[in-house]
There are 2 protein chains.
Amino acid sequence: MTSPVSPHSVPSGETRWLDADEQKAWRAWLYSAQLLLDRLDRDLTHRTGISHAYYEILVALSETPERMMRMSELADRCLSSRSRLSHAVSRLEERGWVRRQVCAEDGRGQLAVLTEEGFAALEGAAPVHVEGVRRELFDQLTPEQVANMRDVGETLLRHLDPTRAR
Amino acid sequence: MTSPVSPHSVPSGETRWLDADEQKAWRAWLYSAQLLLDRLDRDLTHRTGISHAYYEILVALSETPERMMRMSELADRCLSSRSRLSHAVSRLEERGWVRRQVCAEDGRGQLAVLTEEGFAALEGAAPVHVEGVRRELFDQLTPEQVANMRDVGETLLRHLDPTRAR
DNA sequence: GAACCATAGTTGAGCGTTGAACTATTCCGC
DNA sequence: GCGGAATAGTTCAACGCTCAACTATGGTTC
């Protein structure tokens, strides 16, 4: 925008506005991120009936030995609030892809368990998802750009969520 | 996930699965993008009452000479569907920040017009938004990383939306 | 072992998004 | 200038997310 004079609710001190180059970098990142997330989600949803959010839940469960996980751990893995995950698991339960099971060690806890039907649904969706990521992302970038993308992503991750950074 | 054998709904030919390095690059990008978008949106919403989506609408309007824009053009600029934008503008109208005005040249068209109150709200939110972007993004990266981020973003943009690429 | 606090998860209301159906206007070919 | 297609925008219902309130269990202290 056209550098407005800051009135109230200003964050302590003078605002460090973005210069023209920073604006361009920010816009390029923002638009590409929004468009890519949106396209992958739409593509997956329309071709498999599974949104990217649901897909992430199924993947997380499928990667554990017993194909089950505590609700809170699953929420963490999926960058989801507990409420959101609880709603999502309820909907996946209606589809017969996940079921809930009380946790033996902790009476407060619930386990989300991937059913055979859920695993089959995931098997159907996985190629569609992976091809999407390849087509829209990896096929567009040189190996060097991929390395740079990963470097930037990991750097940001260390700041945004140190527990998830490698 | 653990490379499932692809069953049905396979996208023509053998699936080009991601190798370990590609997985890591993809996850780093995905998590950092989701966390960054989420954090900026929450921060802005809680500190100013303006979501990032609303903010983008206000910014777009403020950047035109007359502070008004056709609904469809505004939707394009904000990566929004027309339906979504129509709902959003209705809600901004209720806040008194935007008003609708029929378009003189095209009887089908509507103009979204930024009000003085809307501009004032934007002036209040802008420093909060910019400081967020700086703190969570630019302050974390070296100039070289920023250049790489921009390069990757612009490359993806040329593929995802050539009209928006530079 | 009672009182208290923390943790795990769910629920419900309100808001926002989606996609399809709809209305109204303009454009195009004749 | 009429009929049909295209375009601009809105509306509605279904779905999903958010936040706060809530239930239930576990842990801690005396």
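Each chain gets a letter, A, B and so on, in the order the sequences are listed, and its residues count up from 1.
Between the side chain of S86(B) and the backbone N or O of S83(B), no donor-acceptor pair lies under 3.5 Å. The main-chain N or O of G96(B) is found under 3.5 Å from a side-chain atom of T115(B) such that the two form a donor-acceptor pair. The backbone N or O of R16(A) sits less than 3.5 Å from a side-chain atom of R134(B), completing a donor-acceptor pair. Under a 3.5 Å cut-off, the side chain of S32(B) and the backbone N or O of W29(B) do form a donor-acceptor pair. A donor-acceptor pair is defined here as one N or O able to donate and one able to accept, closer than 3.5 Å; such a pair exists between the side chain of R164(A) and the backbone of D76(A).
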Checklist line | Heavy-atom protein contacts under 4.0 Å, nucleotides 22-29 of chain C, coded B base, S sugar-phosphate only, - none | finding: ---BS---

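The distance between atom CZ of R95(B) and atom C1' of dC15(C), rounded to the nearest whole Å, is 11 Å. Spacing between atom CD of E73(A) and atom P of dA8(C) amounts to 11 Å, rounded to whole angstrom units. The CD-C1' distance, from E94(A) to dC15(D), rounds to 11 Å in whole Å. dA24(D) atom P lies 18 Å from atom CE of M71(A), rounded to whole Å. Taking atom CZ of R70(A) as the reference point, atom P of dT10(C) lies 11 Å away to the nearest angstrom. Between H46(A) atom NE2 and dA20(C) atom P the separation is 7 Å, expressed in whole Å. Rounded to a whole Å, the CG atom of L111(B) is 12 Å from the C1' atom of dA8(D). Straight-line distance from the CD1 atom of I57(B) to the C1' atom of dT17(C): 12 Å, rounded to whole Å.
Near DNA chain C, defined here as any heavy-atom distance below 4.0 Å, the residues from residues 80-92 of chain A are R82(A), S83(A), S86(A), H87(A), listed numerically.
By the 4.5 Å heavy-atom criterion applied to side chains, W97(B) and I57(B) are not counted as neighbours.
A continuous path of Ile, Leu, Val, Met, Phe, Trp and Tyr side chains, each step under 4.5 Å between heavy atoms, connects V130(A) with L40(A), placing both in one hydrophobic cluster.
Using a 4.0 Å cut-off between charged nitrogen and carboxylate oxygen, E116(A) and R67(A) count as a salt-bridge pair.
Evaluation of the side chain to side chain donor-acceptor pair (under 3.5 Å) rule for R39(A) yields E136(A) as partners, not counting sequence neighbours.
Residue Q110(A) is the one, among T45(A) and Q110(A), whose nearest nucleotide of DNA chain C lies closer to the 5' end (criterion: closest heavy atom).
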